[in-house]
There are 2 protein chains.
Amino acid sequence: MLIADRYERIVELVNERGSIRVSELSTLCQVTEETIRRDLDRLEKAGRLLRSHGGAVSLRDRQPETPYAEREIMNAAEKQQIAREAVMMIKPGDRILLDASTTAWYMASHLPDIPLTVLTNSIRVAAELSGKERIDVISTGGQLSRRSMSFVGHLAERSLELYHVDKMFFSCKGFHLERGASESNELQAMVKRKMISIAEQVILLCDSSKFGIQAFTHVATTSELDVVITDYSPATEQLKQLQELNIAITTV
Amino acid sequence: MLIADRYERIVELVNERGSIRVSELSTLCQVTEETIRRDLDRLEKAGRLLRSHGGAVSLRDRQPETPYAEREIMNAAEKQQIAREAVMMIKPGDRILLDASTTAWYMASHLPDIPLTVLTNSIRVAAELSGKERIDVISTGGQLSRRSMSFVGHLAERSLELYHVDKMFFSCKGFHLERGASESNELQAMVKRKMISIAEQVILLCDSSKFGIQAFTHVATTSELDVVITDYSPATEQLKQLQELNIAITTV
DNA sequence: ATCAAAACAAACAAAAATAAACAAAAAAAT
DNA sequence: ATTTTTTTGTTTATTTTTGTTTGTTTTGAT
């Protein structure tokens, strides 16, 4: 069994039963208790369960039910999956950039509390990360955009110019293989374009609802992307196209 | 049963019945009374119930409506009064600056939804104002300061340099007639000094707990202030001093 | 006020769980 | 093919939990 499969199995079991002992997981997964303990440590850091002496407890039922605003979010489960996958790309010490998308917000909530520098224009991301002490959070500032609870405009772009980051994680309204990533709002698009220009590696978080869509404003050509994380399974033809552009695609 | 499960069970039982005896919990959970006592100590420390001789009582229904963080705020009523008074100084079309103090946050919540431009380094102020559509909100951005949920540092100061405002409303740790306004945190102090430099009119929001106090870092000399709003009644001598410096004082 | 029962706190010891260190095996990177 | 990294199991401390014992404090009835 793959290690990731075991992780999934453990989380599943914990959520199913509410709580479970290390010893039980050990026999169920056919690995020693030590291994299970190490797994639980990681899963706890990843925010997928809670450790307790002797075993682990589920986060479900305990965490406040998803707030009103969140229930309306499209493809929430897929976005969460994409966010989890994206978090796995992050190493301690990384300087990363998160945009004001829902998926980036999910990423923030799944980020382990490790030394990191996070630059963002999202209030929600900043607020979420305020609870993680080891993470250095920097906000771009700028004009408040109510709809996305983020900062845009000249000041936001100007602030971004001061920095350089290892990885940028962002989402958009639409993603089209030939036409690239696009956004419905001009101000948001401008901020994202600036973000791309200061990032070493550009990672698009793209749930299936965005595939094949072209929105109002151009944000990035496909070749500007380095990685696409998605729950959509592209056709063989499309995969070849991405390969030719040297873009890694991760399907969750 | 896992320890965490027992904790949950205890809290649940306490909340269900309002109160419960150690002996009863002991038989229900199948552990000795000593263990229950230790559990109750921890749960009380975690703020999940209240200890009492012989057992524990629920916190439910006892909780005040103001959230936990707000309960700890010193002189909350006075600060609210000061905030209301300060809001009365604001005219439609004003460009104002709010710092990251509790009083400024209260001001934000009392601001009417009129055409205004508000510049701030506080996340709470920005979030509060996101509900008022006619107000243009601009955040400075910068490094996140967890304690005050605000932005500080070079970027915050740099952003401020781009603007000029009619009125700045701020608070501080201490205010001393001879020594001026002071702050305990150097980074916050630097931001506030910068704020003062870009404001036409400087208004200090000063509840009585701050009067006569001198904190670590200097923020502003008394003569830099234009208005002081306070719930403290200064002595005639002090009033004369303020008058000589041409500083208006409003006592709420 | 006095006293006995109940409740508690502190100290200790045994058991369970965990953490740390190390080496072997497996997987990934070069 | 090799080196490096990651994962895993094993062994050995260390910590946490729990029950027990002993002495102290609180409570409520006399």
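Reminder, nothing fancy here: chain letters follow the sequence lines and each chain counts from 1.
When heavy atoms are screened at a 4.0 angstrom cut-off, A/Ser26 is found touching no nucleic acid atom at all.
Between A/Arg51 atom CZ and D/dT17 atom C1' the separation is 14 Å, expressed in whole Å. Atom CD1 in A/Ile36 sits about 14 Å away from atom P in D/dT10, given to the nearest Å. One can place CG of A/Asp5 at 17 Å from C1' of D/dT8, the figure rounded to the nearest angstrom. Rounded to whole angstrom, the span from the CG atom of B/Leu25 across to the C1' atom of D/dG19 amounts to 17 Å. Spacing between atom CD of A/Glu44 and atom P of C/dT18 amounts to 11 Å, rounded to whole angstrom units. If you measure from atom CE of B/Met1 to atom C1' of D/dT18, you get 14 Å, rounded to the nearest angstrom. In this structure, CZ of A/Arg37 is placed 14 Å from C1' of D/dT12, rounded to the nearest angstrom. Between the CD1 atom of B/Ile3 and the C1' atom of D/dT17 there is a distance of 6 Å, rounded to whole Å.
Looking only at distances, a side-chain donor or acceptor of A/Arg51 sits under 3.5 Å from a matching main-chain atom of A/Gly55.
Non-hydrogen atoms lying under 4.0 Å from DNA chain D are contributed by nothing in residues 83-90 of chain A.
For A/Thr32 and A/Thr35, the side-chain atoms include at least one donor-acceptor pair closer than 3.5 Å. For the residue pair A/Tyr163/A/Arg95, the side-chain donor-acceptor check at 3.5 Å is not satisfied.
In the set D/dT7, D/dG9, D/dT8, the nucleotide with an atom closest to the side chain of A/Thr32 is D/dG9. When distances run from any side-chain atom of B/His53 to the nucleotides C/dA7, D/dT17, D/dT8, the shortest one goes to C/dA7. Distance from the side chain of A/Asp39 is smallest to D/dT8 among C/dA20, C/dA9, D/dT8.
Projected onto DNA chain C by closest heavy-atom contact, A/Arg38 and A/Arg21 fall at different nucleotides, the more 5' of which corresponds to A/Arg21.
Using a 4.5 Å cut-off on side-chain heavy atoms (C-beta onward), A/Ile135 and B/Arg146 make contact. Using a 4.5 Å cut-off on side-chain heavy atoms (C-beta onward), A/Met107 and A/Phe169 make contact.
Ion pairing of B/Glu33 with B/Arg37 is present here, as a side-chain N (NZ or NE/NH1/NH2) and a carboxylate O approach within less than 4.0 Å.
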